[in-house]
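Accompanying notes for the structure given below.
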Amino acid sequence: MTRRTFESHPNAYLRIAGVIYLLVIVFGGFSEGFVMNALIVSGDPAATARNITGSPVLWNLSLAGNLVIPLIAVPQMLIEYLLLRPVNRNLALLFLLLNAISLAVECVSKLFLLMVVPILGRSDGAFDPQQIQALASVALIGHNLAFHITLIFFGAACLVSGYLISRSGYLPRLLGLLVQAAGASYLIATFSRLFAPAFADQLTSAILLPALIGESAFCLWLLLKGVNLTAWRGRITSQAQPA
């Protein structure tokens with residue numbers, strides 16, 4: 001895919017980005033939402049260890065989903081960069097860099113998850129069962145911390161992309177505002193969890209509702225609508241003309 005090809009047929013590529021985005025949402029909901037909530041018991045390393053070792057297929061499916069997400073997100077981010085580039089090249093590049101950092105940290109967070117089963121499977125006698133369970137719990141804590149850092153960079157990327165969407169003229173302004181609300185939601189929830197856990201405990205899950213709405217709306221718009229081709233071509237033409 002070249003930039004010129006994308007500019008000529010943007011909606012065909014945006015459908016691809018929409019499909020990838022939908023897969024990211026589904027895999028993420030399954031892996032980070034359903035499986036983690038089903039198997040990890042907060043404050044009880046022994047119960048968590050039993051759940052994970054007792055459900056190897058479910059845990060491995062979750063790991064596979066977690067690893068697929070950053071892999072397929074790379075082409076999605078490239079398409080989104082090309083979508084936003086005509087509005088402001090530098091801000092679109094900032095969006096791309098923030099997402100690249102987010103994906104890199106997310107890969108590190110999955111490394112901690114990959115450590116859990118090997119730790120729980122140790123049988124060399126160097127550690128007793130309680131210590132092994134505690135080590136696995138530390139790996140899960142490492143994953144949680146790294147994943148929160150991931151969301152900081154992703155939330156910042158959403159603020160940038162939402163601004164560009166609202167200024168584009170070929171995508172709805174409301175859609176951009178929803179994406180910005182998603183970014184703000186991620187930042188509030190994540191910074192609260194990292195630096196004010198007592199306050200975070202008082203926040204309800206509704207704090208992430210704007211994130212769900214914003215991401216879902218953007219995903220569906222890419223998948224079903226795409227850009228206003230008249231406005232898109234006008235923007236591309238004006239960008240190509242000499243100052």
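Below, all heavy atoms of this structure are taken into account, side chains as well, without hydrogens, waters or symmetry copies. What you see is a predicted model; the values in this text were computed from it and never measured.
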W232 side chain near I236 side chain, heavy-atom distance below 4.5 Å: yes
Sidechain-backbone polar pair: R235 side chain, S168 backbone, donor-acceptor under 3.5 Å: yes
Sidechain-backbone polar pair: T237 side chain, G234 backbone, donor-acceptor under 3.5 Å: no
Steps toward side-chain contact (heavy atoms from CB on, under 4.5 Å) verdict (V108, I149): CA-CA 10 Å; V108 173; I149 296 172; over 6 Å; no
Beyond-backbone contact of L151 with L187, side-chain heavy atoms, under 4.5 angstrom: no
Side-chain donor or acceptor of S31 paired with backbone N/O of S62 under 3.5 Å: yes
Non-hydrogen atoms of A157 and F95 that approach each other most closely: O-CD1, 3.5 Å
Linked, directly or transitively: L212 and I188 (ILVMFWY side chains, under 4.5 Å): no
Distance-minimising heavy-atom pair for I165 and P172: CG2-O, 3.8 Å
Residue Y170 excluded, over 12 heavy atoms near OH under 6.0 Å: yes
Joint hydrophobic cluster, V41 plus L39, side-chain heavy atoms closer than 4.5 Å: no
Flag side-chain contact, heavy atom, 4.5 Å: F30 against L58: yes
Side-chain heavy-atom pair R15, V19 within 4.5 angstrom cut-off: no
Distance, nearest 0.5 Å, that separates NE2 of H148 from CG of L194: 6.0 Å
Spacing of CZ belonging to F218 relative to OG belonging to S161, to within rounding of 0.5 Å: 6.0 Å
Minimum heavy-atom distance N228-A231, with the two atoms named: OD1-N, 3.1 Å
Residue pair G183 / C158: nearest heavy atoms and the distance that separates them: CA-CB, 3.5 Å
L164: which of V179, L84, L94 passes side-chain contact (heavy atoms from CB on, under 4.5 Å): L84
In one Ile/Leu/Val/Met/Phe/Trp/Tyr side-chain cluster, 4.5 Å: V138, L145: no
A136 to I119 - nearest heavy-atom pair and separation: N-CG2, 3.7 Å
Interatomic spacing from CG in L14 to CD in Q76 - rounded to 0.5 Å: 11.0 Å
Atom pair CD1/OG1 of I207 and T190 - distance to nearest 0.5 Å: 10.0 Å
Worked check of side-chain contact (heavy atoms from CB on, under 4.5 Å) between I40 and N51: CA-CA 7 Å; I40 297 176; N51 290 341; over 6 Å; no
Verdict with reasoning, F153 to L103, per side-chain contact (heavy atoms from CB on, under 4.5 Å): CA-CA 9 Å; F153 285 96; L103 292 177; over 6 Å; no
Within one Ile-Leu-Val-Met-Phe-Trp-Tyr cluster: I141 and I152, side-chain cutoff 4.5 Å: yes
Any F112 side-chain heavy atom under 4.5 Å of M115 side chain: yes
Worked verdict on L82 versus Y13 for side-chain contact (heavy atoms from CB on, under 4.5 Å): CA-CA 10 Å; L82 293 173; Y13 290 101; over 6 Å; no
Which atom of V74 lies closest to which atom of P70, heavy atoms considered: CG2-O, 3.4 Å
Flag side-chain contact, heavy atom, 4.5 Å: L120 against V117: no
Heavy-atom side-chain proximity of I79 to L222 below 4.5 angstrom: no
Atom pair CG (D128) and CD (Q133), whose distance is rounded to the nearest 0.5 Å: 8.5 Å
Heavy-atom check, side chain of K110 versus side chain of F147, under 4.5 Å: yes
Any donor-acceptor N/O pair, T48 side chain to D44 backbone, under 3.5 Å: yes
Path from I69 to L71 over hydrophobic side-chain contacts below 4.5 Å: no
Euclidean distance, R85 CZ relative to L93 CG, rounded to 0.5 Å: 9.5 Å
Backbone N/O of E106 and side chain of T150: donor-acceptor pair under 3.5 Å: yes
